[in-house]
Amino acid sequence: MIGDPVRLKTAALLVLLGLLTMLAGIGQLTFWAPAETVTASVPSDTKAAPLTVIDQKLIALHDGPVKIKIQGEGNFIVATGRPDDVEAWVGKTAHNTLTGVSQDQKSLEVASTDGEATAPSPVGSDLWVNTEDASGELDYTWNPPAGGGWSLLVASDGTKPAPSSISMTFPNNATTPWAVPLIVLGIIIMLAGVALPFVSKAISNRRKGDEHRKGDDFGGPRGGGETTTLPVQAPPGKADGRRGAGAEGSSLRVTAVAAALATALVGSSAIAAQATSTPKPTNSSSASTEGDAAPVMLESQLQRILEQVASTVDAADAAKDAAKLAPRVDKMELQVRTQNYKIRSTVSAYEPRMPVRATKLQSSVISTKRDWPRTVFALTQGEGNVVPQVLTLVQLSPRENYKLWGSAPLQPGTNFPSFPVPRDGTAPAAADDKTGLAYSGNEALGILGEMLTTPDSPNRSKLADGQSSPYIAGALAYQADTVKNGTSANFKFSHTPVNNQTVVLRTADGGALVVGRLDFAFEGTPKAAGDKLILEDDSAVFAGGKETTTGMVLNFAESVAVYIPPAGSADPMKLVAATRGLVGASFK
């Protein structure tokens, strides 16, 4: 009878122990749960600098959205760019880089780099995928514009200190690994406590039955005689000789130890729930931005750049003012349009250059060559474009914007080659490299120049359709008619590639598209003394007159694009796009 109360007490303690353990697990998920976010700030004693970089590793430190709060005096900008682009734009300028979070999660770690005291304003740079403009304060939620790694640049105008009050709020990476195990363990202990009285009672009854059977077999009287029961000496610790006291005492001691353990677990669970794990960068950010794998821009960047180029060219064309071209046009395109304006200012009937449009982007070819200069092609068409035209855009250095180097209309009946999708980018090739190609870029332009100069060129079969190509046929016909009609003069023609303006990007089929410039020189010399050469009105604008008895030279710039098949292909090359513009004339 004495054992039953002890068993009940033990069961009650186990139920209480299980309840406390389960509550400890629930507490880790509720009132002891860690905060959902942590906020870290730039230390107040950080050295001022004109630029601040928020490193890609810090942005990718936690999974989930990152909120950034920036406070500063006056206007400032937050620009998003690839890490190598941000680094290249910063260059040698003094700057602070936010690299990580302190162990206590309260401060941002800052690395200061000495250098030049000022930088150009980053506003309007083509390197940035997007920008946030602010005055005084900005609450900014970071959302990556595409896959890969990204960094942020914070600056005012490049001459004033960048905003120094910056805080970042991250999702908290703290975990509660003991929550579910404690809940499950608590339930198990409670069930054990509930079952203990019934199990113990069954065991006790079984023992009594066993003892009764033993008494019948060995201790019963024989022959009806009396039996004397001798006292049994109790073992040490059991001097009172009460049956079952040892087992029940053990149960009490086990229960006491378990209760102490539960108390320790409950107390430590609150502490564990407040701890935060050391954050580590995610793996999804930087792999595709390093090396030469990432394209130099997103298609959205290209569209924005094209719109700015088209707007600049439109304004210059309308005003016939070459100075307006300078921000977005260079090299051959700048020369051809400048000379076109000069001619049209004197010869009103002279045809203007084809307009540059960005309204319909039919194809974009974005290089993966991440050092400078960088080149992209775009096939566009819009109002005033009878056929699509191939635009060549080049960025010479990180702090310069892309400029239009050349434009050429697609040849009638010609398809633009297929390229990898813009998000994957297109691999470049050096102009003199024919690895994997039937010809190098320089060889292709050389063969084209030879065909334009010599009608019976031995390389005629290497370029598709030979003289039947509209542009090639037109050029050869123009030269032949000039010779035929100029009976009193000797003429000489040459089409020479300008190698430092040649760009080669590989196509999806393993071939390549080479875009470049040819200088077309047209020389005329009188056959006899007194013979005259008469120039057209457009050429006379540059030559300073219409007649000469000594000879003349006309100069044209030709913008061309040639498709080169892959090595081993039996297909010939194809002239994809071509045009020319008069850029000069002089008397000998």
Side-chain angles (χ1 to χ4, degrees), residues 49-60 66 68 76-99 111 113 115-116 118-133 140 142-158 162 281 284-306 308-309 327-328 364-378 393-403 422-428 503 505:
L51 305 174
T52 296
V53 176
I54 302 179
D55 188 80
Q56 62 165 334
K57 295 178 181 177
L58 176 58
I59 296 175
V66 177
I68 304 172
F76 60 88
I77 183 176
V78 179
T80 302
R82 294 294 189 186
D84 58 338
D85 287 346
V86 173
E87 181 181 357
W89 194 93
V90 169
K92 297 181 180 180
T93 304
H95 61 281
N96 292 319
T97 304
L98 310 187
T99 59
T113 303
E116 298 171 357
T118 63
S121 172
V123 176
S125 172
D126 286 345
L127 286 184
W128 315 138
V129 176
N130 52 53
T131 58
E132 293 283 342
D133 299 318
Y140 176 58
W142 162 250
N143 289 304
W150 300 96
S151 292
L152 300 179
L153 177 70
V154 183
S156 54
D157 62 355
S284 61
S285 298
S286 60
S288 65
T289 66
E290 299 176 358
D292 293 334
V296 297
M297 67 173 68
L298 302 184
E299 199 165 19
S300 59
Q301 282 176 273
L302 176 58
Q303 185 65 57
R304 184 186 71 222
I305 292 167
L306 286 172
Q308 293 176 3
V309 170
R328 284 295 186 178
S364 55
V365 186
I366 301 175
S367 173
T368 57
K369 178 178 174 288
R370 298 200 62 83
D371 55 347
W372 282 268
R374 293 176 171 181
T375 304
V376 298
F377 300 151
L393 301 168
V394 178
Q395 185 184 40
L396 291 176
S397 67
R399 288 181 175 176
E400 294 181 77
N401 281 340
Y402 281 87
K403 292 187 178 183
R423 68 173 179 269
D424 294 334
T426 301
V503 180
L505 293 177

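Contact annotation: the side chain of T80 approaches that of P145 to within less than 4.5 Å [non-hydrogen atoms, C-beta and beyond]. When side chains are defined from C-beta on, T368 counts as touching P428, because their heavy atoms get closer than 4.5 Å. Looking at heavy atoms from C-beta onward, I54 lies out of side-chain contact with W142 at the 4.5 angstrom threshold. Side-chain contact between Q301 and I366: absent, with no pair of heavy atoms (C-beta onward) separated by less than 4.5 Å. With contacts defined as side-chain heavy-atom distances shorter than 4.5 Å, the pair R82/R370 qualifies. Inter-residue side-chain proximity for Y140 and L152 is flagged as met; some heavy-atom pair is nearer than 4.5 Å. Between L58 and V66, every side-chain heavy-atom pair lies at or beyond the 4.5 Å cut-off.
A donor-acceptor distance shorter than 3.5 angstrom exists from the side chain of R399 to the backbone of V90, with no hydrogens or angles considered. The backbone N or O of G124 sits less than 3.5 Å from a side-chain atom of N401, completing a donor-acceptor pair. In this structure, W128 contributes its side chain and P122 its backbone to a donor-acceptor pair below 3.5 Å.
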| request: Go through L302 and Y402 one step at a time and tell me if the side-chain contact (heavy atoms from CB on, under 4.5 Å) criterion holds. | output: CA-CA 10 Å; L302 176 58; Y402 281 87; over 6 Å; no

| query | What's the verdict on side-chain contact (heavy atoms from CB on, under 4.5 Å) for V296 and Q395, showing C-alpha distance, side-chain angles and the deciding distance? | reply | CA-CA 10 Å; V296 297; Q395 185 184 40; over 6 Å; no

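Atom CG in L505 sits 4.5 Å away from atom CZ in F377 (nearest 0.5 Å). Taken to the nearest 0.5 Å, the CG atom of L298 stands 12.0 Å off from the CZ atom of R423. One distance of note links CE of M297 with CD of Q303; it measures 11.5 Å at 0.5 Å rounding. Taken from CZ in F76 to CG in D133, the straight-line distance is 9.5 Å, to the nearest 0.5 Å.
For the pair S125 and R304, the tightest heavy-atom approach, listed with the atom from each and the gap, is O-NH2, 4.0 Å. Considering every non-hydrogen atom in both G425 and P295, the closest pair reads CA-CB, 3.8 Å. The two residues S367 and K369 come nearest to each other via the heavy atoms OG-N, 2.9 Å. Between I77 and S156 the shortest heavy-atom distance is CG2-O, 4.3 Å. Nearest heavy atoms, L51 versus A155: CD2-CB, 3.6 Å. Residue R374 comes nearest to D371 through the heavy atom pair CG-O, 3.3 Å, listed as atom of the first residue, atom of the second, then distance.
No side-chain N or O of T52 forms a donor-acceptor pair with one of N96 less than 3.5 Å apart.
When the salt bridge (charged side-chain N to carboxylate O under 4.0 Å, His left out) test is applied to D126, the partners found at least two apart in sequence or on another chain are R328.
Few gaps surround CD on E400; more than 12 heavy atoms of other groups in view lie less than 6.0 Å from it.
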